[in-house]
Student: 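My questions will all concern the structure given below.
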There are 2 protein chains.
Amino acid sequence: MEKSRKEQIIQSAAKLFKEKGFEAASMRDIARTLGIEAASLYSHIKSKDEILELICFRTADELIKAIDEVNDLYFNAEEKLSMAIKNHVKIITENLDSSSVFLREWRHLTKPKLKEFISLRDRYENGFKQILVNGENENVFDAPDKKFAVLTILSALNWLTEWYNPNGKMTPDEIAEHLTEFILTGLRVKSVV
Amino acid sequence: MEKSRKEQIIQSAAKLFKEKGFEAASMRDIARTLGIEAASLYSHIKSKDEILELICFRTADELIKAIDEVNDLYFNAEEKLSMAIKNHVKIITENLDSSSVFLREWRHLTKPKLKEFISLRDRYENGFKQILVNGENENVFDAPDKKFAVLTILSALNWLTEWYNPNGKMTPDEIAEHLTEFILTGLRVKSVV
DNA sequence: TAAATTGCCTAACAGTCGTTAGGATAAAAC
DNA sequence: GTTTTATCCTAACGACTGTTAGGCAATTTA
């Protein structure tokens, strides 16, 4: 069975929102990619805003589910961080369009939903923060300013949407490995033990 | 002497483009913040597109000038990287609105200017890449995939526009220091030498 | 003092926007 | 066989978009 019309609409919209931005992509643009008229979209969705909400909140839910799982399943902080990064990279690379919209276009969410979204995002960041606290207790991480560290880590992960190419040489897992290595040990030459 | 009207327009536009996005911010919005009519803007600027171009290319020029200077003035790779990061943070934090537009809204540049912009951005990235090559030759950096490393570093720097608060506790220089430290040595506990 | 320039105005343009109303057609469910 | 449901259509709405034309008043220059 192929995807429901609604799902097709959301997918097309995500691609266009990514390419042109939420405001610049019109309902008529979305309709055109599906070979129908703009008015016909409204048999499947309530509004343009609703499409954006669906895209943003789905991705948010997926990320939160992943970080909660990691914090539940693993004990070791290094392992936790490594898994969290792997999951993040996986979710982003497997849903490039939605992820870009999630990261770039959430600003266009309207009032009540916007607040809800931001609190979800904060919750995700706290999941990462928790890992850093764990790592400090285990004496393997050194990050005095946790919030700063989390934002720096996530920024490195999120920029993926700007340059990741599904046809490139690196697989998502390789990217995750590189990033983990980079985040853990930085640029400096590793001393031979 | 206060800023020219043109400069005021660009500044107001940058703020609005940052807050609402390029497409969502209208000429009437910009005019309103200056207490004039939208049509009056055209005594000072050619088009909405021109405003975006001015914002994007100014920031690009400033960044490129800074990286070229660093590569000219310093020899030591670690010092170079540290200075490059410091300059980047300085430029971004001192021009938060323009920088956000530069990073987020450049997609809306139109055809010929868009290409020009991308090549400037590439040139900036190459400036950083050069530093990593230096560091490898000096045997102080270990980054097999230079492009990957540069993108990861820049992503950490660029996310600043998303969370930096001029009224926050950290000064730009402190932020730059933290970032340099993070990029150089990562999260891991530093062994006592 | 006359001429030119600057900075703004009102009015309007052609086009696009998201969305609704109301109806047609075909397939699925009862 | 009738009703429901899904999917699409045309036509139109009011609002808003970037931009131009043409003119008025004040300031600066010659």
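So that the names make sense, note that chain A is the first sequence line, chain B the second, and so on, each numbered from 1.
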Student: Answer with yes or no whether the side chains of D122(A) and S119(A) bring together a donor and an acceptor at under 3.5 Å.
Tutor: no
Student: Evaluate whether atom CZ of F148(B) has more than 12 neighbouring non-hydrogen atoms of other residues, nucleotides or ligands under 6.0 angstrom away.
Tutor: yes
Student: Identify which nucleotide among dT19(C), dT10(D), dT19(D) has an atom closest to any side-chain atom of Y42(A), counting heavy atoms from C-beta outward.
Tutor: dT19(C)
Student: Can you tell which of dG18(D), dT19(C), dC9(C) lies closest to the side chain of S26(B)?
Tutor: dG18(D)
Student: Nearest-Å distance, CD1 (I36(A)) to P (dA6(D))?
Tutor: 16 Å
Student: Expressed as a whole number of angstroms, how long is the span from E7(A):CD to dA6(D):C1'?
Tutor: 16 Å
Student: To the side chain of A39(A), which of dG18(D), dG7(C), dT10(D) is closest?
Tutor: dT10(D)
Student: Starting at atom CG of L34(B), determine the distance to atom P of dG7(C), rounded to an integer number of angstrom.
Tutor: 13 Å
Student: Select from G35(A) and D49(B) the residue whose nearest nucleotide in DNA chain D is closer to the 5' end of that strand.
Tutor: G35(A)
Student: Any side-chain N or O of S43(A) less than 4.0 Å from the OP1 or OP2 oxygen of dA6(D)?
Tutor: no
Student: For L41(A) and dC9(D), what is the distance between atoms CG and C1' respectively, to the nearest whole Å?
Tutor: 13 Å
Student: When you check the phosphate oxygens OP1 and OP2 of dT7(D), does a side-chain N or O of H44(A) lie under 4.0 Å from one of them?
Tutor: yes
Student: Going through the checks in order, is the salt bridge (charged side-chain N to carboxylate O under 4.0 Å, His left out) test met by D145(A) and K169(B)?
Tutor: CA-CA 12 Å; D145(A) 191 329; K169(B) 290 167 214 153; over 6 Å; no
Student: Within the 4.0 Å heavy-atom criterion, would you say A25(A) contacts the bases, only the backbone, or no part of the nucleic acid?
Tutor: sugar-phosphate
Student: Which nucleotide, dT7(D), dC9(C), dT19(D), lies nearest any side-chain atom of E37(B)?
Tutor: dC9(C)
Student: Nearest-Å distance, CD1 (I45(B)) to C1' (dG7(C))?
Tutor: 14 Å
Student: Write down the distance between CZ (R32(A)) and P (dC9(D)), rounded to a whole number of angstrom.
Tutor: 13 Å
Student: Is there a side-chain polar atom (N or O) of R28(A) under 4.0 Å from OP1 or OP2 of dT19(C)?
Tutor: no
Student: Tell me: CZ of R5(B) to C1' of dC9(C), nearest whole Å?
Tutor: 13 Å
Student: On the six-membered ring of F57(A), is K113(A) placed so that its NZ or CZ lies under 6.0 angstrom from the centre and within 45° of the ring axis?
Tutor: yes
Student: Measure from CE on M27(A) to P on dC16(D) and round the result to the nearest Å.
Tutor: 18 Å
Student: Mark yes or no: K48(A) above the aromatic ring of F22(A), with NZ or CZ under 6.0 Å from the six-membered ring centre and no more than 45 degrees from the axis.
Tutor: yes
Student: Is any side-chain nitrogen or oxygen of S40(A) closer than 4.0 Å to OP1 or OP2 of dC9(D)?
Tutor: yes
Student: Among the candidates dC8(C), dT19(C), dG18(D), find the nucleotide nearest to the side-chain atoms of K48(A).
Tutor: dT19(C)
